[in-house]
Amino acid sequence: GLPQALLCRIGFLKEVLLLPALNSGDEKVVTGIACLMSEIGQTAPSLILKASPEALTLVDALLSCVAFPGEDWEIADSTLQFWSTLAGCVLGHDMNGGGGRKNVQELFFPVYSALLDALLLRAQVDNSMFNDDGATIDLPDGLVQFRMNLVELFVDICQLLGSTAFAQKIFLGGWVSFNMQISWKEVEAKMFALNVVAEVVLKESAKLDFSVLIKLVTSLSTKTSDELKGFMLMVYKSVADIVSSYAKWISAFLTDARPLLLFLGTGISKPFCSYACSCALRKFCEEACAVMHKPSNLEILIWIGEKLEERHFSPVDEEEVVGAITLVVDSVPNKDLKNNLFVRLLAPSYEAIEKLINEEHEHSLRQDPAIYSQLIYSARRGLYRMGTVFNHLATHISSGPALDDSILLLLGVVWPVLEKIFQSEHIENSSLSAAACRALSHAIKSSAHHFEAILPKVLNCLSTNFMSFTNHECYIRTASIIIEEFGGREEYGPLYISTFERFTYTASIRALTSSYICDQEPELVEAYTNFASAFVRNSSKEVITASGPLLEISFQKAAICCTAMHRGAALAAMSYMSCFLEVGLTSLLESKACIAEGSVETIAIQVISHSGEGLVSNLVYALLGISAMSRVHKSATILQQLAAMCTLSERMASKAILCWESLHRWLHSAMQTLPAEYLKQGEAESLVPTWLKALSAASSDYLGSRRCNVGKDNHVLVNGKGGRILKCLVREFADSHRNCPTPT
């Protein structure tokens, strides 16, 4: 009964306290009354829904509080929860039956329409910010928080009024008339509101008239660089956000894309709004490819691309822009025009790289560190743009003869440039190496068959450079992509083995002898073990059997690396070991009871028999400490595979080399060699038989599953009752040893 009693006194509070405070500008009193009334209304919104005279008085009083021009946004902000609660009640009124929702919405429509007007006014920046002419602008913390709190309420208001009515409120006002001075503060606030409700508007498929927005875009695109500073940059960014959110509808509305492209091209050059304009360009190009084929539009796009070299963009912004242009250029039906546009798009990239690798100036460049650093930076960006073009060609475009011709044309220029870069002294720079490898990787993915003729040269280049710069793991990553693309080609088998050997015997890989060292070079560990996985997964049986010593060394390295605290490095190492075991098991299952000398199964048994003790010991160590829980699944999978391999070998002539007793011995040794502080008294003696029993059941589950799915792709899972029990035991062990010091 208290809310009802207080509601009856609202008229008194409004007349005696609120109205005098509003007239005199007494902010403290207005703040207090606004908080009190909001609490009353929020406590019993069902009373407000009845729309009694007292309820409407409260609503009117709170609208006055929202519109009050206080020094900050605290008063309006204090009422937002009430308005959201009430809107939720209106939207959900009688949803369980009984009707009345439409009548309630109609009753409160003018209330929320007036509220939207008041909120749009209060969401505007103040005059001090409007007159700020700085290169960037930051909203006050109070306004930032107020706008964050407005997001949910604006969505509610849009749903209550309907997206068409909401948009009409946005597009009405003095700023629509371009014959008079535009209120840029009003424009920015309204663009913020329209962007916030984009999801609702798009979902309701309301038909909006974007002619006002296009006029706004045209007006902004004609402003000089001196005019685009301070608050105008914020306006520019807010309009770009609208273009991004409503790109699909705007593309259908436009007949001439030139003003919008000029607007986005200009905005991209301004650091404050470059990201918003880059995203808007990408989304618009995705929706309006056909419109963009006009010569004038293509020229603007290429102009934007050619100017990238002169501007300092983040990689993310640059990728958005280059990706957008690539999307449009590749959709051009005229093959010759398309090829010409691609060459023009990448011409600044080639030029930046040529400046760096120009032999005539190489010595003089190094004499000036500042100039040299700038040239490295420009070349790296050029390589990054080249990689982005190939990446989009590989992932976003449908293949066809015309596309293949374009890629072949680009490769004819790209590979000679990349080859010069890889063979230059400048490649010692890690960022330049990474950019060159990225460009090469995307080029291979987009057009692998074009690289067959130069494959030996490419792999030799990658392995040679890694031997020279053993901390540049990007060379191994790129080689992995080549193995994935061409691994099945038997004629290149010796080349793959030679590359694997070069990587394995470099100083940095040989130095991976402890978890501590692995944690110092986690990216190197990931790159090497991923390469080994690709090698085992994609190479022919002949290549694998010829790589026995390399596989054994890499397997032992992976067993060490799985104890690293770095999650990515440890999981990559485990993935390689699981991959190797899977290949070995597949071969064993195919061989039945006869194992041929020099076969894959022979290599697998030899590697496991020589490395099994270290593998089990390191897996147990990997399950100690705070980072162990993330390794439970892969550890259990590897143990299940290992048990299956021992079970199969037990039934074959290889029993003398690898058998169930081998696994028993390795597990017992692993538990006994753990320092005393890692295990409770008697824990080692109890764990070994328990785990062996679970391993036996898990092995049977695994082999039974494989036999039932002969000829199908076998993705390793810890399945079956035995597999689940094993995983449960491994998880319990890891969970109970979280507080153990991680061994190094």
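Along the sequence shown, the residues carry numbers beginning at 1. All figures in this text were calculated on a predicted structure; none of them were measured in a lab.
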>> Quick one, Val413 with Phe342, criterion side chain to side chain contact (heavy atoms under 4.5 Å, CB included). Give me CA distance, side-chain angles, the key distance, then yes/no.
In response: CA-CA 11 Å; Val413 183; Phe342 270 131; over 6 Å; no
>> Keeping Ser669 on the side-chain end and Arg665 on the backbone end, is there a donor-acceptor pair under 3.5 Å?
In response: no
> Should the pair Tyr496 and Tyr492 be assigned to parallel (<30°), tilted (30 to 60°) or perpendicular (>60°) ring geometry?
Replying inline: tilted
>> Distance check, rounded to the nearest 0.5 Å: Ile608 atom CD1 versus Ile603 atom CD1?
In response: 12.0 Å
>> Just checking Gln556: does its CD atom have more than 12 heavy atoms from other residues, nucleotides or ligands closer to it than 6.0 angstrom?
In response: yes
> Taking it one step at a time, do His610 and Phe555 satisfy ring pair (Phe, Tyr, Trp, His ring centres under 6.0 Å)?
Replying inline: CA-CA 10 Å; His610 296 162; Phe555 193 88; over 10 Å; no
>> Using a 3.5 Å distance criterion without hydrogens, assess whether the side chain of Ser649 forms a donor-acceptor pair with backbone atoms of Cys646.
In response: no
> With a 4.5 Å limit on heavy-atom distance, are the side chains of Arg631 and Ser627 in contact?
Replying inline: yes
>> Would you compute the distance between atom SG of Cys579 and atom CG of Asn530 and round it to the nearest 0.5 angstrom?
In response: 10.0 Å
> Just by modelled atom types, is the Gly568 backbone N or O under 3.5 Å from a matching donor or acceptor in the His566 side chain?
Replying inline: yes
> With a 4.5 Å limit on heavy-atom distance, are the side chains of Glu523 and His472 in contact?
Replying inline: no
>> Measuring from atom CG of Leu432 to atom OH of Tyr377, what distance do you get when rounded to the nearest 0.5 angstrom?
In response: 13.5 Å
> Are the side chains of Leu623 and Leu619 in touch, meaning some heavy atoms are under 4.5 Å apart?
Replying inline: no
> Just how far is it from atom CZ of Arg380 to atom CZ of Arg385, taken to the nearest 0.5 Å?
Replying inline: 10.5 Å
>> Between Asn465 (side chain only) and Phe422 (backbone N and O only), is there a donor and an acceptor less than 3.5 Å apart?
In response: yes
> According to the interplanar angle, ranging from 0 to 90°, do the rings of Phe500 and Tyr528 count as parallel (below 30°), tilted (30 to 60°) or perpendicular (above 60°)?
Replying inline: tilted
>> Between Ser587 (side chain only) and Gly584 (backbone N and O only), is there a donor and an acceptor less than 3.5 Å apart?
In response: no
> Side chain of Glu320, backbone of Arg282: donor and acceptor closer than 3.5 Å?
Replying inline: no
>> Any heavy-atom pair between the side chains of Ser554 and Phe535 that's under 4.5 Å?
In response: no
> Is Trp660 close to Leu695 at the side-chain level, that is, under 4.5 Å between some pair of heavy atoms?
Replying inline: yes
>> Please check: side-chain N/O of Ser463 versus main-chain N/O of Leu459, any donor-acceptor pairing under 3.5 Å?
In response: yes
>> Quick check for you: to the nearest 0.5 Å, what is the distance between Met467 atom CE and Tyr505 atom OH?
In response: 12.5 Å
> According to the interplanar angle, ranging from 0 to 90°, do the rings of His426 and Tyr372 count as parallel (below 30°), tilted (30 to 60°) or perpendicular (above 60°)?
Replying inline: tilted
